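For clarity, every value in this text was computed on a predicted model and none was experimentally measured.
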Amino acid sequence: MNTTLRHLIYLAACLGFATCAFAQPVAAPVKVGAIRWDCWGYEGAGTPTAMWTSKTLSPGKYHYRLPWYASVTGADAVRIPIYTREIIDREIAYAREAGIDYWAFVMYESGDLKLARDLYLSSDRKGDVKWAAILGASSYSLSNYPWLVSQFKEANYEKVLDGRPLVFVRAQDLTDAERRQITGTLRGEASRQGIPVPYIAVMDSDAETMARMQGDALTSYAGYATGGESFKAFAGKIVSHWNRWAASGAQVVPIVSTGWSPKPRLDNPVPWYQGYAADGWAEDPTAQEVAEHLKEALDWSKNNPKSSTPNVILIYAWNENDEGGWLIPTLGADGKPDTSRLNAVKGVLGAAR
């Protein structure tokens with residue numbers, strides 16, 4: 001058989017069979033999301049959190065953390081207005097432009113605490129950035145689960161592994177009974193509504209706890225720094241968590257941090273949580289350091305396919321500004337939105353896709 005004929009036969013085989021070297025399927029891009037906390041102290045709000053975030057970020061030294069739609073009204077005074085559709089639509093545009101696939105909303109059920117989610121769900125642009133739920137991090141009644149599960153059917157709800165709705169459960173402060181109740185209720189309601197079994201990523205836990213509550217993967221809400229360490233050292237600790245979770249045999253949703261420095265809350269303790277250690281913070285990262293940490297997670301997922309089958313990453317956070325982690329554009333010194341972190345993220349995600 002001459003060389004030309006052999007090449008033609010090889011080409012025909014490649015066209016017919018996926019096992020050919022250059023006919024291998026291309027791996028789907030990793031889905032990258034960011035946590036939405038949304039528990040801002042809105043002006044005029046009537047919840048226990050009212051005015052507290054405005055207070056924590058009021059000192060001049062923290063004004064660089066203000067969200068882009070806030071304003072500085074004095075040397076140590078700020079105004080953070082209540083969410084509007086205009087604000088949410090613009091944030092959707094910011095996130096989409098950067099390549100963020102979904103927001104993970106902490107599930108609140110009362111008034112202004114769920115306003116951002118309500119505005120997002122009513123937006124004509126909601127399909128541009130999908131969403132997922134975070135349960136267990138706040139009070140969210142089981143009576144709301146039928147509505148939540150009904151949202152899993154929608155095109156703008158994030159799904160993994162051929163259609164399983166992605167749900168995060170923060171297990172840290174829950175009893176075993178509460179954890180099992182959450183997963184059992186979710187799956188029972190999904191079965192009742194005839195939709196695929198939810199894929200549950202368990203936050204801030206271990207493989208044993210995950211197994212007891214019948215979760216599917218391990219992740220975290222945030223990383224916790226100590227001693228004012230460098231961001232690079234802090235990020236290294238987070239990478240070690242991914243490796244530890246994988247070594248336990250669990251599936252992993254890598255958590256990517258954009259910082260941990262709750263100094264504003266140390267200066268002005270918030271009433272709903274006062275457990276911050278005085279030295280529990282890291283140096284703020286540069287935009288480039290945030291991008292490098294995200295790239296580590298993308299590379300880790302690619303290099304550990306057996307431990308990352310859901311093919312998804314979670315970033316802390318979109319808007320935990322006074323706790324120390326944010327991607328949201330901030331209020332620049334010139335009064336314009338500072339999108340440097342999102343620009344850096346866009347560079348990494350654009351190159352990866």
Side-chain angles (χ1 to χ4, degrees), residues 32-43 45 53-106 112 115-117 119-120 122-131 231 256-261 263-264 283-294 315-350:
V32 177
I35 294 168
R36 283 200 72 117
W37 174 63
D38 293 325
C39 195
W40 294 94
Y42 310 120
E43 57 180 14
T53 310
S54 297
K55 184 177 180 182
T56 58
L57 294 179
S58 63
K61 61 183 176 180
Y62 299 131
H63 288 179
Y64 72 96
R65 297 189 181 201
L66 288 168
W68 61 274
Y69 53 87
S71 57
V72 175
T73 58
D76 293 303
V78 301
R79 174 177 175 259
I80 302 177
I82 195 167
Y83 279 127
T84 64
R85 268 287 299 277
E86 181 182 6
I87 290 173
I88 293 299
D89 281 352
R90 192 164 172 187
E91 289 193 12
I92 291 172
Y94 280 131
R96 178 182 171 84
E97 174 66 18
I100 300 299
D101 296 297
Y102 69 95
W103 280 324
F105 283 87
V106 176
D112 60 321
L115 178 60
R117 187 180 78 240
L119 290 169
Y120 160 79
S122 68
S123 173
D124 295 335
R125 304 190 64 174
K126 64 185 179 182
D128 289 349
V129 177
K130 296 183 180 183
W131 77 288
F231 180 77
V256 172
S257 181
T258 59
W260 179 263
S261 180
K263 288 183 178 181
E283 295 175 357
D284 287 338
T286 64
Q288 185 58 35
E289 286 176 325
V290 169
E292 289 170 356
H293 187 32
L294 174 57
I315 298 175
Y316 169 89
W318 180 255
N319 56 356
E320 284 272 23
N321 297 47
D322 71 335
E323 194 170 56
W326 68 88
L327 283 178
I328 185 176
T330 50
L331 183 66
D334 58 0
K336 298 178 181 178
D338 178 355
T339 59
S340 56
R341 291 192 176 187
L342 284 178
N343 294 342
V345 165
K346 178 181 178 180
V348 171
L349 295 180

All side chain to side chain donor-acceptor pair (under 3.5 Å) counterparts of D76, not counting sequence neighbours:
none
Criterion side chain to side chain contact (heavy atoms under 4.5 Å, CB included) on I328 and Y69, from CA distance to verdict
CA-CA 10 Å; I328 185 176; Y69 53 87; 4.2 Å; yes
For E97, give me all partners under side chain to side chain contact (heavy atoms under 4.5 Å, CB included), at least two apart in sequence or on another chain.
K346
Contacts of D322 that satisfy side chain to side chain donor-acceptor pair (under 3.5 Å) - sequence neighbours left out
T56, R265
Nearest-0.5 Å distance, CD of residue E292 to CZ of residue F231:
9.5 Å
Hey, does the side chain of H63 reach the backbone of S58 with a donor-acceptor pair shorter than 3.5 angstrom?
yes
Pairs involving residues 62-71, ordered by first then second residue, that meet salt bridge (charged side-chain N to carboxylate O under 4.0 Å, His left out) (sequence neighbours left out)
R65-D284
Give every donor-acceptor pair under 3.5 Å between a side-chain atom in residues 329-337 and any protein atom, sequence neighbours left out.
from	atom 1	to	atom 2	distance (Å)
D334	OD1	K336	N	2.9

Applying side chain to side chain donor-acceptor pair (under 3.5 Å), can you list everything that pairs with T73, at least two apart in sequence or on another chain?
none
Could you pull out all residues at least two apart from D101 that satisfy salt bridge (charged side-chain N to carboxylate O under 4.0 Å, His left out)?
R353
Looking only at heavy atoms, which two atoms of Y94 and L342 are closest? And how far apart?
CB-CD1, 3.9 Å
Atom CG of L115 and atom OH of Y120: how far apart are they, to the nearest 0.5 Å?
15.0 Å
As an exercise, state the distance from CD of E320 to OG of S261, rounded to the nearest 0.5 Å.
13.0 Å
Spatial distance of atom CG (L119) from atom CD1 (I87) [nearest 0.5 Å]
9.0 Å
For the residue pair W131 and F105, does the interplanar ring angle fall in the parallel (under 30°), tilted (30 to 60°) or perpendicular (over 60°) class?
perpendicular
Apply side chain to side chain contact (heavy atoms under 4.5 Å, CB included) to A34 and list each qualifying residue two or more places apart in sequence or on a separate chain.
W103, I315, W318, L327
Results of ring pair (Phe, Tyr, Trp, His ring centres under 6.0 Å) for W326 - residues two or more places apart only:
none
Under 3.5 Å, is there a donor-acceptor pair between the side chain of T286 and the main chain of E289?
yes
With side chain to side chain contact (heavy atoms under 4.5 Å, CB included) as the criterion, how do Y316 and E323 come out once you've worked through the C-alpha distance, each side chain's angles and the decisive distance to 0.1 Å?
CA-CA 10 Å; Y316 169 89; E323 194 170 56; 2.7 Å; yes
Which residues share a side chain to side chain contact (heavy atoms under 4.5 Å, CB included) with D128, sequence neighbours left out
I92, R96, R125
To the nearest 0.5 Å, atom CG of L294 lies from atom CG of L349 at 5.0 Å
Would you say the side-chain atoms of D112 and Y83 include a donor-acceptor pair closer than 3.5 Å?
no
Nearest heavy-atom pair of A70 and I80: which atoms, and what distance?
CB-CG1, 4.1 Å
Which pairs with one or both residues in residues 80-94 pass salt bridge (charged side-chain N to carboxylate O under 4.0 Å, His left out), sequence neighbours excluded?
R36-E91, R85-D89
Provide the closest heavy-atom pair for V290 versus P285 in the form atom of the first, atom of the second, distance.
CG2-CG, 3.7 Å
So, using ring pair (Phe, Tyr, Trp, His ring centres under 6.0 Å) as the criterion, who are the partners of Y62 when residues are at least two apart?
none
Value for CZ (R79) from CG (L66), rounded to nearest 0.5 Å, stands at 12.5 Å
Measure from the side-chain N and O atoms of H293 to the backbone N and O of S257, and report whether any donor-acceptor pair falls under 3.5 Å.
yes
Taking every non-hydrogen atom, the tightest pair across A344 and A287:
CB-O, 3.4 Å
